[in-house]
Novice: 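Pasting a structure below so you can have a look.
Side chains included, hydrogens not; waters and symmetry mates left out as well; all remaining heavy atoms used. Remember, predicted model here, so these are calculated numbers, not experimental data. Position 1 is the first residue of the sequence, and the numbers go up from there.
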Amino acid sequence: MTTLPIWFEAASLSVLLLILAADLILAYKRPHIPSTRESALWVGFYVSLALIFALMMFLLGDVEQAGQFIAGWVTEYSLSIDNLFVFVLIMARFSVPRKYQQEVLMVGILIALVLRGIFILLGAQLIENFSFIFYIFGAFLLYTAIRQVFEDHASMEETESGIILFLRKHINISPEFDGGKIRTVIDGKKIFTPILVVFVALGITDLVFAIDSIPAIFGITTDPFIVFTANIFALMGLRQLYFLLGDLIDKLEYLHYGIAFVLGFIGVKLFLHALHVNELPFINGGEPVLWAPEISTWVSLIVILVSMAVAVVASLAKISRDKRRTPADIDSK
């Protein structure tokens, strides 16, 4: 595989971080509810940017690197959309004013970026030093896929509730929001607003999704640059996508099944790769299992795209069917 030029990697990371910083400043300076058109234009811009980036990787590197980026980006984007489901629950649970949800979402996205960066560095070190980590990643993804099928997103509130109760008990928090401020003044004393609790809830959610998503992309590529840029592109535009999808987010009923299938598929792929590079003495005498097939990047990309397309189309078809149902149809059930 061709090595990408160092200047391209450095320039790419610098430009992407600048775009994220500009997006954060824009959200902070202009708190408002984006229109559908505005959100669609921004989402289209970020998707186009990702595709242009993939083209540049193809021109400066090779087709394999471009394919790995697209497969990783689509996987992480799918998981990021799943993340939005929980963001919707958090916003509703804490009654965050819609006008200030942009700022809150941007902070949540930045927390996610930092956490994923940490996990990427740790994952890359583990893979470099311990090949058996692929077995662990594979098992974890299969477990996550099963959890996706059977668990409700609302169950994550149980994880958050203990920490949030601790915060409310030990920190003086105002009963009302004060715009998008973290601190406010009541009776001459500075105290925190509920925004702090929302940030903590988003942070916990981001931690859970970072733990899920990083093994998934390492099942597609072990190149830290591709892993990190795929995550950045997956998180860019997520704030606008939140407003673009609106109420549709929690109506995509079958999306989590598509995500579960993708995670399960990558889990199997990791197991096969682990067998192919096996060093564990109790498996095949510590030798690689040569019959274990390596699933190519392009097969992975096709499986990921088809799985997500089927899940989205099935969800939209169900929404359409439900709209056509008459009250008489509902009463008959």
Side-chain angles (χ1 to χ4, degrees), residues 1 50 54 57 61-82 116 119-120 122-150 208-231 233-234 255-280 282-284 286-312:
M1 192 161 62
M57 290 188 75
D62 56 35
V63 68
E64 179 66 16
Q65 287 170 317
Q68 286 180 359
F69 169 77
I70 292 174
W73 169 59
V74 172
T75 300
E76 294 300 305
Y77 203 61
S78 303
L79 289 168
S80 295
I81 293 173
D82 196 42
R116 291 188 190 198
F119 277 95
I120 288 165
L122 291 174
Q125 287 299 312
L126 288 171
I127 286 169
E128 188 176 338
N129 294 290
F130 308 103
S131 62
F132 67 83
I133 199 71
F134 287 111
Y135 287 112
I136 298 172
F137 280 179
F140 180 75
L141 286 182
L142 289 172
Y143 162 74
T144 305
I146 294 168
R147 195 183 67 190
Q148 273 278 337
V149 173
F150 295 106
V208 171
F209 277 92
I211 293 170
D212 287 349
S213 67
I214 298 308
I217 195 168
F218 272 121
I220 294 167
T221 177
T222 55
D223 184 327
F225 174 72
I226 297 177
V227 172
F228 192 62
T229 50
N231 271 276
F233 274 107
L255 183 65
H256 68 287
Y257 291 116
I259 292 170
F261 185 84
V262 168
L263 292 175
F265 167 77
I266 298 175
V268 170
K269 180 183 177 181
L270 280 170
F271 262 108
L272 292 172
H273 179 72
L275 289 170
H276 199 74
V277 297
N278 177 64
E279 293 178 347
L280 293 179
F282 52 85
I283 297 177
N284 198 38
E287 296 295 320
V289 181
L290 298 179
W291 57 261
E294 286 274 22
I295 300 174
S296 72
T297 299
W298 295 103
V299 170
S300 300
L301 179 57
I302 291 168
V303 170
I304 292 164
L305 288 173
V306 170
S307 301
M308 297 313 300
V310 169
V312 170

Novice: Is the closest side-chain heavy-atom distance between Val227 and Thr222 below 4.5 Å?
Specialist: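 No, side chains not in contact.
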
Novice: To check you understand the geometry: which heavy-atom pair defines the closest contact between Pro215 and Phe140, and what is its length?
Specialist: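 Result for this residue pair: CG-CD2, 4.1 Å.
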
Novice: Can you check whether Ile220 reaches Ile304 side chain to side chain, under 4.5 Å on heavy atoms?
Specialist: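 Yes, their side chains come closer than 4.5 Å.
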
Novice: Counting only heavy atoms from other residues, nucleotides and ligands, does the tally under 6.0 Å from CZ of Phe261 exceed 12?
Specialist: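 At most 12 heavy atoms, drawn from other residues, nucleotides or ligands, come within 6.0 Å of this atom.
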
Novice: Which atom names give the shortest non-hydrogen contact between Met308 and Ser78, and what distance separates them?
Specialist: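 Nearest pair, atom of Met308 first, then Ser78: CG-OG, 3.4 Å.
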
Novice: Starting at CD of Glu64, measure out to OG1 of Thr297 and round the result to the nearest 0.5 Å.
Specialist: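 So the CD of Glu64 and the OG1 of Thr297 are separated by 3.5 Å.
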
Novice: Go through the steps for Ile136 and Phe130 under the test side chain to side chain contact (heavy atoms under 4.5 Å, CB included), then give the verdict.
Specialist: CA-CA 11 Å; Ile136 298 172; Phe130 308 103; over 6 Å; no

Novice: Of all heavy-atom pairs between Gln148 and Leu263, which one has the smallest distance, and what is that distance?
Specialist: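 For Gln148 versus Leu263, the nearest heavy atoms are CG-CD1, 4.2 Å.
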
Novice: For Ala274 and Phe134, which heavy atoms make the closest approach, and how far apart are they?
Specialist: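 The pair with the smallest heavy-atom distance is CB-CB, 3.6 Å.
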
Novice: Val63 versus Trp298: any side-chain heavy-atom pair under 4.5 Å?
Specialist: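 When only atoms from C-beta onward are counted, Trp298 and Val63 do touch, with a gap below 4.5 Å.
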
Novice: Calculate, to the nearest 0.5 Å, the distance between atoms CD1 and OG belonging to Ile259 and Ser213 respectively.
Specialist: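 That separation rounds to 11.5 Å.
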
Novice: Considering all heavy atoms of both residues, which atom of Ala230 and which atom of Ile217 are nearest to each other, and what is their separation?
Specialist: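 Shortest heavy-atom separation between Ala230 and Ile217 comes out as CB-CD1, 3.5 Å.
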
Novice: Over all heavy atoms of both residues, which pair between Ala54 and Phe69 is shortest? Give the atoms and the distance, please.
Specialist: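 Ala54 and Phe69 have their closest heavy atoms at CB-CD2, 3.7 Å.
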
Novice: Crowded around Glu294 CD? As in, over 12 foreign heavy atoms under 6.0 Å?
Specialist: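 Yes - once you tally the heavy atoms of other residues, nucleotides and ligands closer than 6.0 Å, there are more than 12.
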
Novice: Can you tell me how far the CZ atom of Phe137 sits from the CZ atom of Phe271, to the nearest 0.5 Å?
Specialist: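 Nearest 0.5 Å value for the CZ-CZ distance: 12.5 Å.
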
Novice: Side chains of Lys269 and Val299: closer than 4.5 Å at any heavy-atom pair?
Specialist: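 A side-chain contact is absent here, since even the closest heavy-atom pair is not under 4.5 Å.
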
Novice: Is the shortest heavy-atom distance from the side chain of Val312 to the side chain of Leu255 under 4.5 Å?
Specialist: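 Val312 vs Leu255: side chains touch.
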
Novice: Quick check: do Ile214 and Asn231 have side-chain heavy atoms less than 4.5 Å from each other?
Specialist: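 SC-SC contact between Ile214 and Asn231 confirmed.
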
Novice: Kindly compute the distance separating CG (Leu79) from OG1 (Thr144), expressed to the nearest 0.5 Å.
Specialist: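 Here the rounded value is 9.5 Å.
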
Novice: Could you tell me the separation between the CG atom of Leu275 and the CG atom of Leu290, rounded to the nearest 0.5 Å?
Specialist: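 CG of Leu290 is found 11.0 Å from CG of Leu275.
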
Novice: Is a side-chain donor or acceptor of Ser80 paired with a backbone partner of Glu76 at a separation under 3.5 angstrom?
Specialist: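 Pair found, side chain donor or acceptor close to backbone of Glu76.
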
Novice: About how many Å separate CG of Leu141 and CG of Leu270, when rounded to the nearest 0.5 Å?
Specialist: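 If I round to the nearest 0.5 Å, the distance is 6.0 Å.
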
Novice: Tyr77 vs Trp73 aromatic rings, parallel, tilted or perpendicular, using cut-offs 30° and 60°?
Specialist: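 Aromatic pair Tyr77/Trp73 classed tilted.
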
Novice: Under 3.5 Å, is there a donor-acceptor pair between the side chain of Asn278 and the main chain of Ile283?
Specialist: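 Here the side-chain-to-backbone pair exists.
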
Novice: For Gln125 and Leu122, indicate whether the former's side chain and the latter's backbone hold a donor-acceptor pair under 3.5 Å.
Specialist: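 Not confirmed, Gln125 side chain does not pair with Leu122 backbone.
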
